[in-house]
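To start, the structure under review is shown below, and the notes come after it.
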Amino acid sequence: MKESYCGLCEQCQLDTPEFLEAVAKVRSFVDQFRIYWWGHCFWGDEGFSLPEFRRGLEWFLSHSECPGCRGGRGLDRCPIRICAINRRWEHCSECPDLAQCDRFNSILKEYPDHKQHLLDLQQQIPGRKTIQ
């Protein structure tokens with residue numbers, strides 16, 4: 001089970017059968033092509049490395065059981081993880097300072113509604129009222 005302090009891991013699709021099937025299908029398509037057939041399409045700044053792309057697909061298929069940052073994966077230097085560990089929170093939704101927390105700024109660029117999701121979870125904790 002994927003578990004994280006910030007809650008993103010619980011939403012990850014990495015180990016879902018649909019995601020893994022899609023990655024495997026893309027890999028099978030890529031494996032059918034030879035670079036000289038379509039390598040000319042990827043010159044200049046728009047190009048990418050086909051071997052690196054293949055390596056990325058293989059990575060997804062071989063790392064499908066991520067336990068999340070609370071389970072031993074993730075970035076050791078993540079400010080959210082460091083804060084939760086230091087404050088002994090199992091999840092950010094437990095923190096009374098969540099509404100004012102600025103550690104989510106990098107996450108909010110990609111997931112703008114994530115902090116609100118955590119604040120909504122916080123409201124579901126019995127006896128917990130927060131000021132937003």
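Just so it is clear, the values below take in all heavy atoms, side chains as well, and ignore hydrogens, waters and symmetry mates.
Sorted by first and then second residue, the salt bridge (charged side-chain N to carboxylate O under 4.0 Å, His left out) pairs with a member in residues 63-72 read E3-R70, R70-E90; sequence neighbours excluded. Listed by first then second residue, pairs satisfying salt bridge (charged side-chain N to carboxylate O under 4.0 Å, His left out) with a partner in residues 98-112 number zero, not counting sequence neighbours.
Looking at K115, its side chain does come within 3.5 Å of a backbone N or O of L98 through a donor-acceptor pair.
Taking the side-chain contact (heavy atoms from CB on, under 4.5 Å) definition, one finds that I107 meets it with C6, L8, I80, F104, Y111, H114, sequence neighbours left out. Every residue was checked against the side chain to side chain donor-acceptor pair (under 3.5 Å) condition with R77, not counting sequence neighbours, and none meets it. Looking at residues two or more places apart in sequence or on another chain, you find a side chain to side chain donor-acceptor pair (under 3.5 Å) between E52 and R55. Here L121 pairs with H91, S93, H117, L118, Q124 under the side-chain contact (heavy atoms from CB on, under 4.5 Å) rule; sequence neighbours left out. Remark: F19 engages F60 in a ring pair (Phe, Tyr, Trp, His ring centres under 6.0 Å) (not counting sequence neighbours).
I82 is not connected to I85 by any chain of hydrophobic side-chain contacts under 4.5 Å among Ile, Leu, Val, Met, Phe, Trp and Tyr, and they are in different clusters.
With rounding to the nearest 0.5 angstrom, the CG atom of L20 is 6.5 Å from the CG atom of L14. Going from atom CG of L119 over to atom SG of C95 covers 10.5 Å, rounded to the nearest 0.5 Å.
Between C9 and S4, the closest heavy-atom pair is N-OG, 3.3 Å.
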